[in-house]
Protein chains: 2
Amino acid sequence: MGITKSEHFTEHQNTMANALKALGHPARVAIVEYLIQHKQCICGDIVSEFPLSQATISQHLRELKLAGIIQGSIEGNSKCYCLNSEVITKISQFLGFAIDSVNASKCCD
Amino acid sequence: MGITKSEHFTEHQNTMANALKALGHPARVAIVEYLIQHKQCICGDIVSEFPLSQATISQHLRELKLAGIIQGSIEGNSKCYCLNSEVITKISQFLGFAIDSVNASKCCD
DNA sequence: AAATAATATCGTAATATTGCAATATACTTT
DNA sequence: AAAGTATATTGCAATATTACGATATTATTT
């Protein structure tokens, strides 16, 4: 089928999955790494950094923005994207719970 | 095309993207949540928890295992899956860098 | 060893994603 | 306002993912 049965899961699970899926591509991981280092970017920065076309990079930026991983865009004179910590923090907390759970009691060793 | 150009990215970026992609589906988020709470599971636990077929759940567990998010399986008498913190910790660190970067200096507000 | 139970795999249909050329849009400069 | 520059969108082909019925595999029980 190829259709994800989102309706069977909670809003939180879907939000989490969307954000994680947005990060689940090497180009988008690379864009986030670029933003960690440079704090902000314009589309052209990323285009000249990686061997992907301008259309492809623009699309990846769009997906990151839709998922709330990055924010910003063209605003009058200053065009820029930068990281948005809100959603990233939520994912981080979720993973933190997982790590805590493992530390509390391990199995399958 | 539909083919990800993995070869243009670093091993770290690809590993990170694979793990994040594995988590990027509500059913797999739900499975991880189940494991956070119950520490371990067998396939049947998840099948009876969610309205997805046994074949589909088995496939999701397989993907989580391939990405290193969970470990274990059938081992003699004890059949179980549980979280594997190694890869999860790596992702968490990556997200931590992103959050630190935003806290250090914000933009696009 | 046959039957039962639990999980994995195969095959397939429906849908989603990836990537890019071409084009459209928006802003800036001349 | 025309030309130039930067980014977004559209359309499309190739590939990947999702889901499940059917079946195979593996372990347990009778």
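Residue numbering restarts at 1 for every chain, and letters A, B, ... go by the order of the sequence lines.
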Side chain of B:Cys43 only, please: which of C:dC20, C:dA8, D:dT7 is the nearest?
C:dA8
Report the distance from atom CD of A:Gln40 to atom C1' of D:dT7, rounded to the nearest whole Å.
16 Å
Does anything in residues 88-103 of chain A form a side chain to side chain donor-acceptor pair (under 3.5 Å)? List the pairs, not counting sequence neighbours.
A:Ser101-B:Lys39
Let's test your reading of the model: under 3.5 Å, does the base of D:dA6 pair with the side chain of A:Gln54 as donor and acceptor?
no
Phosphate contact (D:dT7 OP1 or OP2) by A:Arg62 side-chain N/O below 4.0 Å
no
Can you check whether B:Leu23's main-chain N or O pairs, donor with acceptor, with B:Arg28's side chain at less than 3.5 Å?
no
Quick one: is D:dC20 close enough that its OP1 or OP2 comes under 4.0 Å of any side-chain N or O from B:Thr56?
yes
Rounded to whole angstroms, how far apart are CG on A:Leu20 and C1' on D:dT17?
17 Å
If I take atom CG in residue A:Asp45 and atom P in nucleotide D:dT5, what distance separates them, rounded to the nearest angstrom?
17 Å
Starting at NZ of A:Lys65 and ending at P of D:dA8, how long is that distance when rounded to a whole Å?
8 Å
Report the C-alpha distance between A:Phe50 and A:Tyr34 in whole Å, list the side-chain angles of each, state the deciding distance to 0.1 Å, and finish with yes or no for ring-ring contact (aromatic ring centres under 6.0 Å, His included).
CA-CA 11 Å; A:Phe50 303 107; A:Tyr34 183 96; 7.4 Å; no
Without decimals, in angstroms, what is the distance between A:Leu66 CG and C:dA16 P?
15 Å
Please check if atom CD in B:Glu86 has more than 12 non-hydrogen atoms from other residues, nucleotides or ligands closer than 6.0 Å.
no
What is the distance from CD of B:Glu63 to P of C:dT9, rounded to the nearest Å?
12 Å
For A:Glu7 and C:dT15, what is the distance between atoms CD and C1' respectively, to the nearest whole Å?
14 Å
Does D:dT17 have its OP1 or OP2 closer than 4.0 Å to a side-chain nitrogen or oxygen of B:His60?
no
Side chain of B:Ser58, heavy atoms from C-beta onward: which of C:dT7, C:dT18, D:dT7 has the nearest atom to it?
C:dT7
Has the side chain of B:Asn14 got a donor or acceptor atom that lies under 3.5 Å from a matching backbone atom of B:Thr10?
yes
Does D:dA16 have OP1 or OP2 under 4.0 Å away from a side-chain N or O of B:Lys21?
no
Is any side-chain N or O of B:Gln59 under 3.5 Å from a base N or O of D:dA19, one able to act as donor and the other as acceptor?
yes
Can you see if the side chain of A:Ser53 gets near the phosphate of C:dG19 - specifically, an N or O under 4.0 Å from OP1 or OP2?
no
Please tell me which of A:Leu61 and B:Pro51 maps to the more 5' nucleotide of DNA chain D, matching each residue to the nucleotide holding its nearest heavy atom.
A:Leu61
Name the nucleic acid region contacted by A:Leu52, choosing base, sugar-phosphate or nothing; use a 4.0 angstrom heavy-atom cut-off, strictly under.
sugar-phosphate
What is the distance, to the nearest angstrom, from the CG atom on B:Leu64 to the C1' atom on D:dT18?
14 Å
Does C:dA8 have its OP1 or OP2 closer than 4.0 Å to a side-chain nitrogen or oxygen of B:Tyr81?
yes
